[in-house]
Amino acid sequence: MPELPEVEVVRAGLSQHVLGAHISHVQVLHPRPVRRDPAGPQGFADRVVGRTITAVRRRGKYFWIALDERDAVLAHLGMSGQMLLKDADAADERHLRVRFGLEGVTSDSAPTGRLEMRFVDQRMFGGLSYAEDGALLPPEIAHIARDPLDSEFDEDAFVRAVRRRSSAVKRILLNQDVVSGIGNIYADEALWRARIHGERPGDRLSGPQARELLSHAREVMSHALAQGGTSFDALYVNVNGESGYFDRSLHAYGREGEPCDRCGTPIRRAAFMNRSSYFCPRCQPVPRRPRAGR
DNA sequence: ATCGCGACCTGGTTGC
DNA sequence: TGCAACCAGGTCGCGA
């Protein structure tokens, strides 16, 4: 489940290997990953063929491959997406969805010199689309906030946004318009570290609490980034097909029934937003029911 | 404007 | 053993 650190690993890996590459051919093997592209699979392929990759950039969990420093291929890995660099002779992956033939670059991954960039995605929550004039920032994701690792991230604006909302603080953390890059795993980890229950309304947090929560999110993500992405999920691999390791650093996520690393109380799992939340019932007490009226 | 729910997907696991 | 139900979850569209 790629969140910000994993996506950054992919972005950096691509950036290292494909800058200057000429895209000689594009093959869309399944229509779903290009569903967001109004031009359809053929239209997508036609506009990408013949272009030169000039940069690979990222905002939150989106990244994009700049074409001639003007347009871009916008990408999201969803839950199970991978962007692999492979020798053209390598066997197709079971869930290969889009193939990009690259020329003019060499890599250890392609001893023959015929390199392919492959979008592989089992569950197909991810996708690619052509972003016109999107080289610097695709307009379709201009609404996404910066992430906590971004030097231009506005911390005060984040604190204000949290404290002005009545919805659950975990929901706010997952709202990419407020802060990007945080998914279910890192949200639970940041909340555990900050000793805050995810269902506490944002407007019931103090300024310092909101600020501390943010710094925990930043910490857990930069730790993961340093490790090369979390990915205890075997579906996630970095750009060269290599898995990262980080699972041992998780204190809450996926640890139902195991003792809290701080106090020993069994970690609990609860349904939240149609998914699971993991928390320590002692360190992160459930907020009292918000009273009606008054 | 803001909020919150459900749909979209596949494949591994669980339960009967 | 076989099959159905469930679960993972980021994003978006929609109704409230």
Side-chain angles (χ1 to χ4, degrees), chain A residues 1-8 10-11 28-38 41 58-64 74-83 93-98 119-129 131 138-145 147 157-158 160-191 198-204 217 221 224 229-237 247 250 252-257 269-279 290 292:
Chain A
M1 300 151 231
E3 297 184 24
L4 182 150
E6 292 83 355
V7 178
E8 174 55 23
V10 171
R11 186 209 64 76
V28 178
L29 293 101
H30 196 294
R32 178 158 174 87
V34 295
R35 65 193 177 282
R36 300 255 163 241
D37 198 314
R58 181 186 61 75
R59 173 164 289 197
K61 298 175 212 167
Y62 283 94
F63 68 95
W64 60 96
L74 177 62
H76 196 291
L77 299 176
M79 279 183 68
S80 55
Q82 303 166 233
M83 192 67 97
E93 290 73 13
R94 171 125 94 119
H95 303 293
L96 176 62
R97 308 303 186 190
V98 182
F119 183 69
V120 176
D121 190 5
Q122 178 205 111
R123 285 170 241 185
M124 294 193 289
F125 271 55
L128 306 176
S129 63
E140 40 279 78
I141 58 157
H143 65 96
I144 304 277
D147 64 67
F158 170 83
R160 283 195 302 273
V162 169
R163 302 195 65 217
R164 108 163 72 92
R165 283 161 209 258
S166 58
S167 53
V169 64
K170 179 168 176 182
R171 182 183 288 278
I172 300 171
L173 282 181
L174 295 175
N175 182 343
Q176 304 295 302
D177 292 346
V178 175
V179 52
S180 68
I182 302 178
N184 202 40
I185 300 172
Y186 295 131
D188 279 0
E189 291 304 306
L191 288 163
E199 291 190 50
R200 173 115 57 104
D203 57 13
R204 310 269 299 245
M221 289 199 294
T230 101
S231 95
F232 43 89
D233 189 332
L235 284 173
Y236 171 77
V237 289
D247 47 330
L250 297 180
Y253 185 84
R255 297 196 60 225
E256 182 180 20
R269 179 167 82 108
F272 179 72
M273 290 176 71
N274 285 326
R275 41 185 55 74
S276 291
S277 281
Y278 298 87
F279 63 98

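Because the structure is a prediction, the values reported are computed rather than measured. Excluded from the calculations below are hydrogen atoms, water molecules and symmetry mates; all remaining heavy atoms, backbone and side chain alike, are included.
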What protein N or O atoms touch nucleotides 4-6 of chain C N or O atoms at under 3.5 angstrom, if any, and at what distances?
none

To the nearest angstrom, the CZ-C1' distance between A:F272 and C:dC7 comes to 18 Å
Looking at every strand, decide which applies to A:N274 at a 4.0 Å heavy-atom threshold: base, sugar-phosphate, or nothing.
-> base
Output all residues satisfying side chain to side chain contact (heavy atoms under 4.5 Å, CB included) with A:E93, sequence neighbours left out; order by chain, then residue number.
-> A:L84, A:K86, A:L96, A:R118, A:V120
Side chain to side chain contact (heavy atoms under 4.5 Å, CB included) involving A:F125 - partner list, sequence neighbours excluded = A:R123
With sequence neighbours excluded, tell me which residues meet ring-ring contact (aromatic ring centres under 6.0 Å, His included) with A:Y278.
-> A:Y253
Is the closest side-chain donor-acceptor distance between A:S80 and A:D121 under 3.5 Å?
-> yes
Where does the chain A footprint on DNA chain B start and end, counting 5' to 3' with a 4.0 Å heavy-atom cut-off?
-> B:dC3 to B:dG11
Rounded distance in Å - CG (A:N184) to C1' (C:dA8) | 9 Å
Tell me: NZ of A:K61 to C1' of C:dG10, nearest whole Å?
-> 6 Å
Could you list, one pair per line, each protein nitrogen or oxygen that sits under 3.5 Å from a nitrogen or oxygen of nucleotides 12-16 of chain C, together with the distance?
{"from": "C:dC12", "atom 1": "OP1", "to": "A:Y62", "atom 2": "OH", "distance (Å)": "2.8"}

dist A:Q82:CD -> A:H95:NE2 (nearest 0.5 Å) comes out at 9.5 Å
Here the distance between atom P of C:dG10 and atom CG of A:L4, to the nearest Å, is 13 Å
Can you sort out the partners of A:Y62 under ring-ring contact (aromatic ring centres under 6.0 Å, His included), two or more places apart, ordered by chain and number?
-> A:H76
Under 4.0 Å from any atom of DNA chain B, heavy atoms only: list the residues of residues 164-176 of chain A that qualify, in numerical order.
-> A:R165, A:S166, A:S167, A:R171
A:E3/A:M221 under side chain to side chain contact (heavy atoms under 4.5 Å, CB included): CA gap, chis, key distance, verdict = CA-CA 9 Å; A:E3 297 184 24; A:M221 289 199 294; 5.6 Å; no
Closest non-hydrogen contact found for A:A161 with A:V178 is CB-CG1, 3.9 Å
Which residues pass the side chain to side chain contact (heavy atoms under 4.5 Å, CB included) test with A:R36, sequence neighbours left out?
-> A:S129
Indicate the atoms forming the closest heavy-atom contact of A:G126 with A:R35, along with that distance.
-> O-NH1, 3.0 Å
Search all heavy atoms of A:S277 against all heavy atoms of A:F272 and return the closest pair with its distance.
-> OG-CB, 3.4 Å
Check A:F119 against A:G127 and note the closest heavy-atom contact, atom names and distance.
-> CZ-N, 3.9 Å
For residues 162-188 of chain A, the salt bridge (Lys or Arg N to Asp or Glu O under 4.0 Å) pairs (sequence neighbours left out) are A:K170-A:D188
In terms of the nearest nucleotide of DNA chain B, which residue is placed more toward the 5' end: A:H30 or A:M273?
-> A:M273
Heavy-atom pair of closest approach, residues A:R32 and A:M124 = NE-O, 3.1 Å
Quick one: A:L128 CG to C:dG10 P, roughly how many Å, whole number?
-> 19 Å
Under 4.0 angstrom between A:H76 side-chain N/O and C:dT11 OP1 or OP2 | yes
Could you give the angle between the helix axes at the two ends of the helix from B:dT2-C:dA16 to B:dC16-C:dG2, with five pairs per end, rounded to 10 degrees?
-> 50°
With A:F279, which residues qualify under ring-ring contact (aromatic ring centres under 6.0 Å, His included), at least two apart?
-> A:H197
Quick one: closest heavy-atom pair of A:R255 and A:L250, and the distance?
-> CD-O, 3.4 Å
